[in-house]
Structure formats: C-alpha cells, structure tokens
Participant: 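This is the structure, below, for whatever I ask next.
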Amino acid sequence: MTLTSCDPRPVLTAAEMRAAEARVIAAGTPALDLMERAGAATVAAILAFDPPSSAVVLCGPGNNGGDGYVVARLLAAAGVAVRVATSGPPRSDPARAAAAAWDGAVEYFDAEPATLCVDALYGTGLTRALPAPEAAALARLAGAARTSVALDLPSGAASDDGALLGEVPAFDLTVAFGALKPAHLLEPARSRCGRIVVADVGLGPLDTSCTDNLRPPLPTPAADAHKYTRGHVIVLGGGVGRGGAARLSAQAALHLAGAVTLGVPGAAVIENAARLDSPMLRRVDDAEALAALISAARPRALVAGPGLGTHARAAALIDGSLASGVPLVLDGDAFTHFAGDPGRLAKAVRGPVVLTPHEGEFARLFGDRPGNRIDRARTAAALTGAVVVLKAADTVIAAPDGRVRINTHAAPWLATAGSGDVLAGIIAGLLAGGRDSFDAACAGVWLHGDLGVRGGPGLTADAMHALLPAALAAL
Ligand SMILES: NC(=O)C1=CN([C@@H]2O[C@H](COP(=O)(O)OP(=O)(O)OC[C@H]3O[C@@H](n4cnc5c(N)ncnc54)[C@H](O)[C@@H]3O)[C@@H](O)[C@H]2O)[C@@H](O)CC1
Ligand SMILES: Nc1ncnc2c1ncn2[C@@H]1O[C@H](COP(=O)(O)OP(=O)(O)O)[C@@H](O)[C@H]1O
Ligand SMILES: [K+]
C-alpha cells in the first residue's frame, strides 16, 4: 500500500520495527545504508527546524548511537562545529562502521554544552533505565542547549508503551525512523518528544493495523435528505435530578443526526421537558417501552449509560438496547452493569457496539489486564466483539479485528465533567449517519478532541456541543 500525506501513519512496536528492518536488509539493503538515510533525514529536519552553530551528539552503544555518528559527520559537513560524546565504543557492526567514518574527536560525558544537543543514546533497543551518568549528562546537555533533538525516541522512553524508565528531558524535536512507535503517541513519553518528524528510511510497505487517528471527512447529508434519512438517535436517560449526562449526549448527537429522542422514566419527564427544545422526549420506563419506541422510531443508533443509574430499569434498558441489534454506544453506568463480567457483555452483543470507558471504567468492566493501553484496548475489543474507545489524553480506539487508532488531536481542557457524555453523543450521531462502528468511533474521538482544541481554557461540557458546527465546517 502506498501512503499519501493524508493516510494514517503506521505505529510499530520495537519487534515490528526490527522485523521490517530485517526484511529490507535480507532483500539486499545494507544496515549501514538505513543508518545513512536516517542520519541524512535527521540533519535535514534539524536544519529546517533551527540551524545550529555548534552541536554535541551523545552516542550510545547500539544502532541509535550509530545514527548519531552519521548525524555528527553530516552536520560537520554542513559547517556546524560538532563534538561527539560517548561512554564507550559502539557494539554493532553498522554502528562501528558509522563511528569509523566520523573523523572528529570523541569525548566522555563531561562534554561542554553546545547550541544543539542530539540524543543518540538509545532508541527501540532500550531495555532498562539509563545508567545514572548518562542520564545526568543528557539532562545537563539537553537543558543547556538552545535546541534538543532526539533520534528515533527520547532516550529513557519505552518504545512500546510510552512509559519513562527514568528522568527524560523534554525535547524540541524527535525524528522517528521508518515509522511512529507507540511512545510517540502515548503519554507520558509523547509529551517529551516535542515536534515529531517521521523520516522515510525505505522500509517499504508497513503493517497498518495500528495507526494514528486522522481528521475524518465531513459527514455531508444527501441533497434530498430529510431528518429521518439523516438518522435518528435514541438516548436513554436516568431518573429525576440525574438527567444532565443524557441531555449532553442528546444535544451533541443532534448536531450530527437528523433527529434525537431522549427516553426517560415517567418521573423525569417534566424535568427534561423544561430543559430541552430540539431533542424529542418520550417516557421509557422499561424494556417493553424501549422495544415499542425502537419499533416505532426505527433509530439508527442508541446511547445507554450516561446518567442511566444502576437500578433495575437501567439494567433492563441496557440489556434491551443490546438485544435490539441497533448500533449502540455504551458508556458510564453500563460498565457497572457488566462489572467484572465482560463475557456476559460479549454474549449480549448483537449489532455494532462502541464502548467508551476511561481507565477506571475499563478496570471495572475488564479487571486488571496486562499490557499497555494498545494491548488492553485490543484485547477488550476482541473479547467483547465491540469497538473499545479507551479514553484519556491519548485515547486508543480498538476494533475486534485488531485495528487500532491512537488519537492525539485533543487538549487537556477536555478533562471536565460531562465531556465523555458529549463524546458518546457524537459517536452515536455518526453511527446514525451510517458509518460503521470503528469509523464512527475514530471520527467521533477526533471531533471531540477538536472541541477541546477549539474551546480552550475554561471549556465546560455544556458549552461543547455549540462548538460542533464550526468543528464540522472545518473538516
Ligand atoms: N529499525 C530500523 O529500521 C532502523 C533503526 N535504526 C536505529 O536503530 C535503533 C535500534 O538499535 P538497537 O536495536 O541497536 O538499539 P539501541 O541503539 O536503542 O540500544 C541497544 C543497545 O543498548 C543496550 N542497552 C539497552 N538499554 C540499555 C541501558 N539502559 N543501559 C545500557 N545499555 C543499554 C543494549 O544492550 C544494546 O547494546 C533505532 O532506535 C534506530 O535509531 C536506524 O539505524 C535506521 C533504521
Ligand atoms: N488531559 C486530557 N487531554 C485530552 N483529552 C482528555 C484529557 N483528559 C480527559 N480527556 C478526554 O475527556 C473525556 C473525559 O471523559 P470522561 O472521563 O468519561 O468524563 P465524564 O465522565 O465526566 O463525562 C474523554 O473523551 C477523554 O479522552
Ligand atoms: K535517542
């Protein structure tokens, strides 16, 4: 597959990177050529970002260090005063060859600072925290430089899960070789990368089952659309005084679907009638009332969970929603209903289902699972047959067939009460427009993130839905 600038970018684990590299080497490209390409791309990125007058390049023992020797040589050839610092000689053949081609001096980690600090200590091969003298030298030289650049990854960041194995400076620029790694998108490592440039080193076609999450296309209604062909969403709300969450979902869904009905218990009809204009309101006391409403309104998406409660009515409506086979977003209290029993949820899944748990809700439903956020979301999707949106600053969206998208288009202003209810409504609105569940979840997470970027400081969940028309118009 040929990637264009609009295609999602593959995200590869360290093992997948090694396999891709081994394939290219087996097909006849020497490892040193890959290193030369990585070095050349890095120097181009550095000169475009902030041309330095002097540079100190910290080189580690592996191929990341080898890349560093190439960068040192090419920067010097570009007229930069370059020094190399290392704690020992390179240990791999291509790194030894790269080091042999560097004809300048090699210092120890007590080197003087320079305008540019290049971190070529460790990349995907890092297995444990940096030795203390190396970590201290990196912190000192990166801190003193005008610009700090990490080759492939900030040294100390774990490639596959974005954990920090020790103190890691915040870099200005990270040049990722061949493909993004999870650490470029997952916190806390992502925040240490600065600007990220992906350098093509000629690895050929890459596995795209895990990619970053891209801006979706605008969901445009047909010219002859009417409100029901645009799709009808039913949001199930809870009891008196608990209706805010469902109203937030309903209002968000209405910016994407043609019609939205909020289904509430009899006691909460008056409260909700006083708070709603465009969304319709129906009394839904039990599973029979829900089945009747579904058969009359023929909705193309349901939302169950936000503010629904944990009593018998909530349980009946969650089970009834799943049994209907109508595309469904489950959030909030729905995870309490299935707490610790994902197998029961898996058995109940009939149609397209999107689960939108944050970490706490994920643990409530699936228990304590091993692996990073990508692994856990993927396992949960495979286990339940539902699309899983594991929410955070670095939301991971996983499909039952193993596809994963990692979203970084967001802002911390989204961390506000009710924000997740808005997300559930957006995804339901996109489902009602006819997207499949994975596509709706990915597009919904991107759009929701865009509301955080647009809304900025002081954003509240009830202000979010009003930002949707501008976010949609900009797609
Ligand atoms: N995969 C690819 O296609 C390419 C990879 N390249 C580079 O190769 C790198 C991976 O190279 P390597 O696999 O040699 O890995 P690294 O260079 O990241 O480090 C591996 C070496 O460091 C040692 N090590 C690991 N953690 C340590 C610690 N905490 N303290 C002390 N020593 C430690 C290991 O025993 C090994 O000797 C990538 O990050 C990238 O920079 C590039 O050369 C170009 C293409
Ligand atoms: N620091 C952050 N940066 C970006 N997005 C965030 C951050 N914190 C939370 N979010 C997003 O905000 C939403 C919060 O949802 P949730 O925790 O369910 O809130 P609530 O239950 O109050 O509705 C999620 O979509 C999450 O991805
Ligand atoms: K590095």
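When a ligand or atom number is given, it counts from 1 through the structure's own listing order. Residues: numbered from 1 along the sequence shown.
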Participant: Cut-off 3.5 Å, side chains only: do Asn213 and Asn407 have a donor facing an acceptor?
Facilitator: yes
Participant: Return yes if a side-chain donor-acceptor contact under 3.5 Å exists between Asp119 and Ser155, otherwise no.
Facilitator: yes
Participant: Flag the pair Lys391 and Glu359 as a salt bridge only when some basic side-chain nitrogen lies within less than 4.0 angstrom of an acidic carboxylate oxygen.
Facilitator: no
Participant: Under 3.5 Å, is there a donor-acceptor pair linking the side chains of Thr147 and Asp50?
Facilitator: yes
Participant: Could you verify whether a donor N or O on one side chain and an acceptor N or O on the other, from Thr115 and Ser54, lie under 3.5 Å apart?
Facilitator: yes
Participant: Quick check on contacts: which atoms of ligand 1 are under 4.0 angstrom from a heavy atom of Gly123?
Facilitator: 16 (P), 18 (O), 39 (O)
Participant: If you count the atoms of ligand 1 from 1 in the order shown, which ones are under 4.0 Å from a heavy atom of Arg91?
Facilitator: 35 (O), 37 (O)
Participant: Kindly identify the option in Arg37, Glu21, Glu16, Arg18 whose heavy atom sits closest to atom 2 (C) of ligand 1.
Facilitator: Glu21
Participant: Just heavy atoms, cut-off under 4.0 Å: does Thr124 contact ligand 1 by side chain, backbone, both, or neither?
Facilitator: both
Participant: Between the side chains of Thr211 and Arg9, is a donor N or O closer than 3.5 angstrom to an acceptor N or O?
Facilitator: no
Participant: Tell me whether ligand 1 is touched by Gly178 - counting only heavy atoms on the residue side and a distance under 4.0 Å.
Facilitator: no
Participant: Counting only heavy atoms closer than 4.0 Å, does ligand 1 sit against the backbone of Phe177, its side chain, both, or neither?
Facilitator: side chain
Participant: Suppose I only count heavy atoms of Leu126 and a 4.0 Å limit; which atoms of ligand 1 are within that range?
Facilitator: 18 (O), 25 (C), 26 (N), 29 (N)
Participant: In Å, rounded to the nearest 0.5 Å, how long is the span from CG of Leu254 to NE2 of His465?
Facilitator: 9.5 Å
Participant: Roughly how far apart are Glu16 CD and Lys181 NZ, rounded to 0.5 Å?
Facilitator: 11.5 Å
Participant: Is Asp375 salt-bridged to Arg378, going by a charged N under 4.0 Å from an acidic O?
Facilitator: no
Participant: Quick one: does Ala129 get within less than 4.0 Å of ligand 1, heavy atoms only?
Facilitator: yes
Participant: Does any N, O or S atom of Asp119, backbone or side chain, fall under 3.4 Å from the K ion (ligand 3)?
Facilitator: yes
Participant: Identify, for atom 43 (O) of ligand 1, the protein heavy atom at the shortest distance, and state residue, atom and that distance.
Facilitator: Asp67 OD1, 2.6 Å
Participant: At a 4.0 Å threshold, what atoms of ligand 1 neighbour a non-hydrogen atom of Pro131?
Facilitator: 30 (N)
Participant: Side chains of His448 and Ser419 only: does a donor on one sit below 3.5 Å from an acceptor on the other?
Facilitator: yes
Participant: Go through ligand 1 atom by atom and flag the ones less than 4.0 Å from a non-hydrogen atom of Pro61.
Facilitator: 22 (O)
Participant: Going by the closest heavy atom to atom 14 (O) of ligand 1, which one wins out of Leu153, Leu151, Asn63?
Facilitator: Asn63
Participant: What residues come within 4.0 Å of ligand 2, counting heavy atoms only?
Facilitator: His358, Lys391, Ala392, Ala393, Thr395, Ala410, Ala411, Pro412, Leu414, Ala415, Thr416, Ala417, Gly418, Ser419, Gly420, Asp421, Leu423, His448
Participant: Just wondering, is there an N, O or S atom on Leu121 that's nearer than 3.4 Å to the K ion (ligand 3)?
Facilitator: no
Participant: Under a 4.0 Å heavy-atom limit, does Arg128 contact ligand 1 with its side chain, its backbone, both, or neither?
Facilitator: both
Participant: With no hydrogens and no angle check, just 3.5 Å: does a side-chain donor-acceptor pair link Thr124 and Arg18?
Facilitator: no
Participant: If the cut-off is 4.0 Å to any non-hydrogen atom of Thr127, which atoms of ligand 1 fall inside it?
Facilitator: 25 (C), 26 (N)
Participant: How does Asn64 reach ligand 1, by side chain, by backbone, by both or by neither, if only non-hydrogen atoms under 4.0 Å count?
Facilitator: both
Participant: Thinking salt bridges, do Arg192 and Glu187 make one under a 4.0 Å N-O criterion?
Facilitator: no
Participant: Leu206 and Gly178: which non-hydrogen atoms are nearest, and at how many Å?
Facilitator: CD1-O, 3.5 Å
Participant: Kindly report the O-the K ion (ligand 3)-O angle for Tyr122 and Leu151 respectively, rounded to 10°.
Facilitator: 110°
Participant: Can a cation-pi geometry be assigned to Arg376 and Phe362, taking NZ or CZ under 6.0 Å from the six-membered ring centre and within 45° of the ring axis?
Facilitator: yes
Participant: Could you tell me whether any N, O or S atom belonging to Ala150 is less than 3.4 Å from the K ion (ligand 3)?
Facilitator: no
Participant: May I ask you to list the atoms of ligand 1 that are less than 4.0 angstrom from any heavy atom of Leu203?
Facilitator: 3 (O)
Participant: For residues Asp160 and Thr13, is any side-chain donor paired with an opposing acceptor at under 3.5 Å?
Facilitator: no
